[in-house]
Number of protein chains: 2
Amino acid sequence: MRIGELAEATGTTTKTLRFYEASGLLPPAARTSVGYRDYGEDAVGRLDFIRRGRAAGLTLAQIRDILTVRDTGHAPCGHVRQLLAQRLDAIDAQVADLHALRATVAQLHGVATNAKPDTCPPEQVCRYL
Amino acid sequence: MRIGELAEATGTTTKTLRFYEASGLLPPAARTSVGYRDYGEDAVGRLDFIRRGRAAGLTLAQIRDILTVRDTGHAPCGHVRQLLAQRLDAIDAQVADLHALRATVAQLHGVATNAKPDTCPPEQVCRYL
DNA sequence: CTTGACCTTCCCCCGTACTGGAAGGTCCAG
DNA sequence: CTGGACCTTCCAGTACGGGGGAAGGTCAAG
């Protein structure tokens, strides 16, 4: 399987695949006699793994860590759980931040809206922010 | 007011202030006879403005646009309202995304947690992700 | 007079996740 | 045998919001 086929099969690009290899997310691919990358079917699964990790909000560095742990055979179960638990905390914190931000923005928006545009000279406008 | 004092007064750094000036968020500061930046009290207000904008989730580019509009005297009222309305939409979308992400992560976390670490051989672990 | 804290410009660097493009080699159809 | 589609490496750039640190000038205290 050449890099273009793998890219097609996994919904990504050849650029991204080479980038992943350079970043240590994919092992160095086998090469054909002329130097083309030659992937096995397992590469699709690994890329799906990466895609799911990304969808779960993990960074490439975190995914790489998990893959490294798996590849080297060290017990990753707790590691994965811990990572996911941290993600849950981070998401909750982010949602809380966004709630506060939304309240602030909504208030500013309300003030700006109620200010009646016609009576809003330029030099006063930015008090609304 | 020197740059260090202004940084202290506004809770930022001299690096950031010079960066803001270079980015067009602050007008070129007046200089003392030896070339030190010399700020008036209005700089504090402008930086508070920037800080509030940042807290409301605006990018520096958006803040710069608003400031430019204000500085040049063109009617910004609708502009500010529109920007804030867009922010509200963006925040709502982001919260929705985070809800979906949280559900995904929580599910993975539950699976990984119920998997009993001891019975979790390395080659199976990453199915949890 | 020296020491230390401040100031200046300058350029490069951080992390994140890629993307663009140049220069060159390979493969297959017509 | 030629053209186009594919592959290779490498360099550089995107956007964001700054941070690090060098080399040098300035100022106030002791």
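Chain letters run A, B, ... following the sequence lines, proteins first, then strands; residues in each count from 1. Below, each value reflects all heavy atoms present in this structure, side chains not excepted, and no hydrogens, waters or symmetry copies.
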Under-3.5 Å N/O pairs linking protein and nucleotides 24-28 of chain C:
residue : atom : partner : partner atom : Å
C:dG25  : N2   : A:Y36   : OH           : 2.7
C:dT26  : O4'  : A:Y36   : OH           : 3.2

- Task: Could you check how far CD of B:E5 sits from P of C:dC7, rounded to whole Å?
- Result: 7 Å
- Would you kindly give the CD-to-P distance between A:E21 and D:dC7, to the nearest whole Å? 14 Å
- State the OG1-CZ distance between B:T10 and B:F49, to the nearest 0.5 angstrom. 15.0 Å
- Message: Is there a side-chain contact (heavy atoms from CB on, under 4.5 Å) between A:L47 and A:L25? Walk through the geometry before answering.
- Response: CA-CA 9 Å; A:L47 280 163; A:L25 286 146; over 6 Å; no
- Note on the structure: Taken to the nearest 0.5 Å, the spacing of B:I3 CD1 from B:Y39 OH works out to 4.0 Å
- Value in whole Å for how far the P atom of D:dT26 lies from CD1 of B:I3: 17 Å
- Provide, to the nearest angstrom, the distance between the CZ atom belonging to B:R51 and the P atom belonging to D:dG17. 16 Å
- With side chains defined as the heavy atoms from C-beta onward, is the minimum distance between A:T13 and A:F19 less than 4.5 Å? no
- Task: Report the distance from atom CD of B:Q62 to atom C1' of D:dC16, rounded to the nearest whole Å.
- Result: 12 Å
- Mind checking the CG-OG1 spacing from B:L6 to B:T14? Nearest 0.5 Å is all I need. 10.5 Å
- Message: Can you tell me how far apart OG (B:S23) and CD1 (B:I63) are? Round to the nearest 0.5 Å.
- Response: 11.0 Å
- To the nearest Å, how far apart are B:D38 CG and D:dC27 C1'? 15 Å
- Which distance, rounded to the nearest 0.5 Å, do you find between the CZ of B:R18 and the CD of B:E21? 9.5 Å
- Query: Of the residues in residues 22-31 of chain B, which ones touch DNA chain C at a heavy-atom distance under 4.0 Å?
  - Reply: B:R31
- Item | Short side-chain to backbone donor-acceptor contact, B:T16 and B:T12, under 3.5 Å | no
- How many Å lie between CZ on B:R18 and C1' on C:dC10, as a whole number? 11 Å
- Task: Rounded off to whole Å, could you give me the OH-to-C1' distance for the B:Y39 and C:dC7 pair?
- Result: 11 Å
- Just checking A:R37: base, sugar-phosphate only, or nothing, at a heavy-atom cut-off of under 4.0 Å? sugar-phosphate
- Item | Check: B:R37 and B:M1 side chains under 4.5 Å, non-hydrogen atoms | no
What nitrogen or oxygen pairs link the protein and nucleotides 17-19 of chain C at under 3.5 Å?
residue : atom : partner : partner atom : Å
C:dA17  : OP1  : A:R54   : NH1          : 2.8
C:dA17  : OP2  : A:L60   : N            : 3.2
C:dC18  : OP2  : A:Y20   : OH           : 2.9
C:dT19  : OP2  : A:T16   : OG1          : 3.1

- Item | Side-chain touch A:L26/A:R46, heavy atoms, less than 4.5 angstrom | yes
- Would you say A:E5 has more than 12 foreign heavy atoms packed within less than 6.0 Å of its CD? yes
